[in-house]
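First comes the structure, then the notes that go with it.
Order of the sequence lines fixes the chain letters, A, B, ..., with proteins taken first and strands second; residue numbering starts at 1 for each chain. We use all heavy atoms of the structure for the numbers below, so side chains are in, but hydrogens, waters and symmetry mates are not.
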Amino acid sequence: MENINDYIIHPRQIADKSSKESLQKAIKLALDVETDAVRFNTQTFNTNRYKAVKKLNDYEELKDRARQIKEDSIQNLPALIVKLSHSIKARGGIVFIAGSKKEATDYIKNVCISHNAKLIVKAKSITSEEIELNYEMEKVGIEIAETDLAEFILQVSKEQPSHNVAPAIHRSRESISELFKRNFRTDKRLDTGEELTEFARDILRQKFLSADIGISGANLIAADEGTILLVESEGNIRLTTQLPTVHIAVAGVEKIIPSKKDFGIFIELLATSGTGQSLTSYTNILEPPIDLPVLNLNGRQGKQREFHLVLIDNGRMKMREDDDLREALYCIRCSACMNVCANFQAVGGHAFGGEVYTGGIGGAWTVGTTGSLEKGRFAELCTGCSRCVPNCPVRIDIPRLNTTIKNRLIKADGGPSFQKSFFGNFSTIGKYASIIPVLSNWVSNFAISRKLMEKIIGFDKRRSIPQFAKKTLVKQYEKYRKSTIVKSKTNILTRRVVLFADVFTNYNNPQVGMAAIRVFDKLGVPITLSKVLDDGRALQSQGLVELARNKALKLAAYLEQLIDSGKEVIVVEPSVLSLFRYDYKKLINNDKLFYKLAKHTYDPIEYINKLLIHLEVDLTNKLNIPNPSSTYIFYHAHCQMKTVGAGNAASDFYRSLGFNVSVSNVECCGMAGSFGYKKEYYELSKNVGSDLINQIRKSNSFDNKTIILASGISCREQIEDELNNPIYHPIEYLEKILK
Amino acid sequence: MQSKRDEDLIKQFIESAKSAAAFVELIPSNAESLNNSLIAATGNEMILLAEPDDLDPELFSIFKLNKNVVTEPTKEQISNIKTGITDAFCAIANTGSVCVSVTKNLSSPASMLTRQHIVIIDVNTIVQKPRDVFSDSYLEGKGLKRSFSIITGPSATADMGPLVRGVHGPGKLHIIILD
Ligand code: SF4
Ligand code: SF4
């Protein structure tokens, strides 16, 4: 891997993602020199978070409460600001409400000048980066020392943060050693974490002892008592807020909650969701000005402690009025959505982020606080895999925020690009292609047309194109039904089963649909096939929300009829299943209908698991494989399927049959629908995919006979690109092994 | 409702504190035992003893006579002393944390500027989870009435690559539970 300290582009140059080119360059930079450190660190946080939240026995309830408190707080924000101002003033503090960046920095500058301050120590504060505080202070000759070690590194390297909790997450120990050696003339050894830490600590300790003012952020502020919550590990926040006589806290208005009594809930969620610790080293609960006597360690005399709270609007009140972006204000900046995100794990916040805010949640924040839609362009890196959703402690629908940004960008650009229309309307293309599949497959694989496709649609020519089947699922099913009549063996079942013929399965993958039909027939469960209707998934992921909604409404009405007539709906394609069980809540905006769909739609194996328990059937003696334990299966659960709670169905099922099953723990295969087909994201998608491929290769007794099971069509494509193993949808494999 | 001595809570607290890399001991609650433990835990260097915010000052009566103990430090001493001793008004079983007050006493400097922080708690002040600290029903609502830091293990960072203990705050946290 090349060296970040010598790389041809400096991350600052591509921090602003207004242009598509800077996004492209940023992805390249990240893949060239940052990916190893980012992946290692985010995945460590991610694994630790899963472990830590398991120990919170009321995790789901805690999230509900946190969400409710944030919703109410934003709703009542104007009143809370007034209340908070009173509480702080009553204790002798000063509150300033800044409408804009400039108002905020002007105020802080004036406080510093009035104290004749020369040196300021600062604790990590993303909000202070948002208002470009350091830059403004340096302009008037006041030194600001960043005291969080990650921020200290960034101050030396002049880079923007790449993560909201660990802002130097893109740097390895080696690259920091080299950076420090180049920047500080020193004969001290700087080759271990300890040496580097001690070196920085010594420099910063001198700053702490001589600083005039300390500036901190705030994780939360309680309006009732004017209490500030500040969470940290290093101890620099304690020193920043308690050593200097003057303390200035800078915080966005959205940080206010009504009551200090609720701090406990957020404290428990923050550390677990962030670094995956039960608590970080220091959780500070401060009611400044604090009682601790003035220490005057810098030799300056006297005076009383002074406290300023600078509350910042800078676009937040407008976000509050925006029905789509409001949700972003609930964010408590824990970083879970970054650590869990497969794309973020590959590139970090220098590509998947802007000048200040990073990751899936960063798009909405960038747009909201800069007022520039274009700067939020990195929202394109959100594939909508949804893995962040169940891991966000305040249940923010992050993919939805990004869909909104994509949608607004399309409108601002004057309509969808050819590429977006192509990928969003694949179903229609499928319809025509299926009339003459041989011809269209031939055309689509012809070298010249591949080049054209790449040029015009941006379909990467290194990817194989999804093939159109010679006979659609509907045709195959009709023919099959004419010749096969199955008697229902089960009359215990009150509900009948219908297989939903989604567009991809119908035109591209009918064999998976047919496998489901045959398995249910073999089990004696009557099954029929639905009409083919577009579900809106492809449109939604391109940001074409209105078109997606139209399709969704039609389909939901149709499915409702099926369900009302007593049917359970089987869905073989997980990205479609998750629409019915998650996305449609907002897309069709009809809770009653949504919950009906969510309740009556199933992954085939999930349904069979249920059925077997219900019917007390044992399949082990119905297999045509004599000794399943000598068959090795590697199973990769589709990202969205995990989110809607069906991720373990297939692994549980095959294990219960006695197979030897290994399971991937990557969050997403990187293909994510059409994402990996796009020329501009090919390398990123392959990088994400390599994580999965490596896991498969390293799995228990892996060889070229290992059976790979993946329910997502795009996951299977990503894997097929690299491995020659037999790859099936779990229901397809079941059909093969069932007598 | 004051929390009462609860074997299970004590056990949980000790385990969690240890897994957060703190050193923990449980000793009888009297001045002599405390003196013995503190002497064993400190070297022959100066020690900053912050006046306790909640514990009975009598408990420190013997240790206080130690010639290395400073209770009213000069500026010079505050910025150089390597060991600080404070009390904590509460401990948390699930997380192994101790709650150290920010008051007019010197608990703050003794626990943030030093390299080793020795913290003393009463066995009856252990609560189950962080939420309990912010409730009227525990410890007479003490946690709602003051500024404090919930301290969980030593100061640490992973910003330089590997995990390093002892950054801006103490690299060693020693918890003494008085029973
Ligand atoms: S939906 Fe997936 S890609 Fe988008 S931010 Fe969340 S985890 Fe990342
Ligand atoms: S959006 Fe949710 S998961 Fe992401 S940083 Fe904010 S609170 Fe954490």
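- For A/Thr197, the parts lying under 4.5 angstrom from a heavy atom of chain B are both the backbone and the side chain.
- Contact annotation for A/Thr280: only backbone heavy atoms (N, CA, C, O) come within less than 4.5 Å of a heavy atom of chain B.
- Between B/Ile150 and A/Leu279 there is a side-chain heavy-atom pair separated by less than 4.5 Å.
- In this structure, no portion of A/Gln277 lies under 4.5 Å from any heavy atom of chain B.
- Under the side chain to side chain donor-acceptor pair (under 3.5 Å) criterion, A/Asn339 pairs with A/His163, A/Ser335, sequence neighbours left out.
- To the nearest 0.5 Å, atoms CG (B/Leu113) and CZ (A/Arg238) are separated by 9.0 Å.
- Both the backbone and the side chain of A/Leu149 come within less than 4.5 Å of a heavy atom of chain B.
- Heavy-atom pairs under 4.5 Å with chain A peak, among B/Ser101, B/Pro109, B/Gly143, B/Ser155, at B/Ser155.
- Counted by atom type alone, A/Asn284 and B/Ser149 present one or more donor-acceptor pairs between their side chains at under 3.5 Å.
- With a 4.5 Å cut-off on non-hydrogen atoms, A/Glu234 touches chain B through its backbone and its side chain both.
- Residue A/Arg205 touches chain B through its side chain alone, counting heavy-atom pairs closer than 4.5 Å.
- For the set B/Gly169, B/Gly153, B/Pro170, B/Pro130, the count of heavy-atom pairs under 4.5 angstrom toward chain A peaks at B/Pro130.
- Looking at A/Phe208, only its side chain comes within 4.5 Å of chain B, counting heavy atoms on both sides.
- The ring-ring contact (aromatic ring centres under 6.0 Å, His included) pairs that include a residue from residues 8-34 of chain B are B/Phe23-B/His174, where partners are two or more places apart or lie in different chains.
- Residue A/Ala168 does not touch chain B at all, counting heavy-atom pairs closer than 4.5 Å.
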Problem set entry | A/Glu287 and B/Ser147: CA distance, side-chain angles, deciding distance, side-chain hydrogen bond (donor to acceptor under 3.5 Å, both in side chains) verdict | CA-CA 6 Å; A/Glu287 300 190 337; B/Ser147 292; 5.0 Å; no
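- Neither the backbone nor the side chain of A/Phe40 has a heavy atom closer than 4.5 Å to any heavy atom of chain B.
- To the nearest 0.5 Å, atoms CE (B/Met160) and OG (A/Ser172) are separated by 12.5 Å.
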